[in-house]
Amino acid sequence: MGFAEQRFNVNLSILFTELPLLERPAAAAAAGFTAVELWWPWIDSPDPGQSELDALKKAIEDAGVQLTGLNFYAGRLPGPDRGALSVPGEESERFRANVDVAADFAKSLGCGALNALYGNRVEGVDPAEQDALALENLALAARAADRIGAILLIEALNKPESPLYPLVSAPAAVGVVDKVNAATGLGNARFLMDLYHLSMNGEDLPSVIERYAPKTGHVQIADNPGRGAPGTGTLPLEELLDRLGKAGYEGWVGLEYKPGDRPSAEAFGWLPVEQRSVR
């Protein structure tokens, strides 16, 4: 079990970022991977225009890799923002303007998972107001995902690095998943279990896996401390992924770690080449 039994994809918004966006899919393919995922690549625009969307689509198709996950517009990420959907005003409107754009782009590439980052708390705004707005926008996103046959992912981040983000535990994120599913009746909202973020929060990871694997739609990994490749920290990632498999998780495992002081292509030594492609 462990690494040998997983379906890995590479997050092209944290790995291969030394290359221009349109060169990253081919670089992932050259490293032996057949699947990739992305944060929303245009941090300033919920709708970058058809020519830019088409160029990225072509780069992914020409590389021969599958896009398996895509974030909705989330503001400046990387940067100070952690999503837009619960932020009243312009950012919420940007999220809404992006919902169908992101869903249609995902559909064009057969991508089956869309991640909606919740957004930071805003000083002077009632958290209950933000949560009501979030539920409304997440329901909109869930319906768009359902329209293209995809799932909606809701992610817990970690409090030390995202102190204004309200979903900083597995129970908090899963609670929102349950609310969205109750609101829409679609049942397509799922938990994004990022083992790095949960470990930074000090959660009991075996317990989280046992409790929430059935509600998990995607898993992401990085080692801790440092958010580097497996083996650079102390997290028993191979054992944890083995536990996930035994708990019934059969989905993708996203490599969302920093390559360190080296080219990204050199940051996969922990994973034999023959285990990088989907078999």
Considering only heavy atoms from C-beta outward, does the side chain of [X] approach that of [Y] to under 4.5 Å?
{"X": "D100", "Y": "F105", "result": "no"}
{"X": "Y73", "Y": "L85", "result": "no"}
{"X": "V101", "Y": "W40", "result": "yes"}
{"X": "D131", "Y": "E129", "result": "no"}
{"X": "Q220", "Y": "L255", "result": "no"}

**Prompt:** Could you walk me through whether V176 and L167 pass the side-chain contact (heavy atoms from CB on, under 4.5 Å) check?
**Reply:** CA-CA 9 Å; V176 173; L167 308 185; 3.8 Å; yes
Under-4.0 Å salt bridge between [X] and [Y]:
{"X": "E91", "Y": "R94", "value": "yes"}
{"X": "E250", "Y": "R7", "value": "no"}
{"X": "D44", "Y": "R76", "value": "no"}
{"X": "K246", "Y": "D242", "value": "yes"}

**Request:** For I60 and L38, work out which heavy atoms get closest and say how close.
**Result:**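 Nearest pair, atom of I60 first, then L38: CD1-CD1, 4.5 Å.
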**Message:** Through direct or indirect side-chain contacts below 4.5 angstrom among Ile, Leu, Val, Met, Phe, Trp and Tyr, which residues connect to I43?
**Reply:**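 None, because no other hydrophobic side chain comes under 4.5 Å of this residue.
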**Prompt:** Quick one: hydrophobic cluster around Y196, which other residues, with the 4.5 Å side-chain cut-off, linked directly or via members?
**Reply:**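 Members alongside Y196: M200.
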**Asked** Does atom CD of E210 have more than 12 heavy-atom neighbours, drawn from other residues, nucleotides or ligands, at distances under 6.0 Å?
**Response**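 Counting neighbours around CD of E210, 12 or fewer heavy atoms of other residues, nucleotides or ligands fall under 6.0 Å, so no.
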**Message:** I'd like to know whether CZ of R211 has more than 12 heavy-atom contacts from other residues, nucleotides or ligands below 6.0 angstrom.
**Reply:**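 No.
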**Asked** So, for F3 and W270, is the gap between ring centers shorter than 6.0 Å?
**Response**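 Aromatic pair counts; centres sit under 6.0 Å.
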**Message:** Under the rule for ring-ring contact (aromatic ring centres under 6.0 Å, His included), what residues qualify as partners of Y249, not counting sequence neighbours?
**Reply:**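 So Y249 forms no ring-ring contact (aromatic ring centres under 6.0 Å, His included) with any residue.
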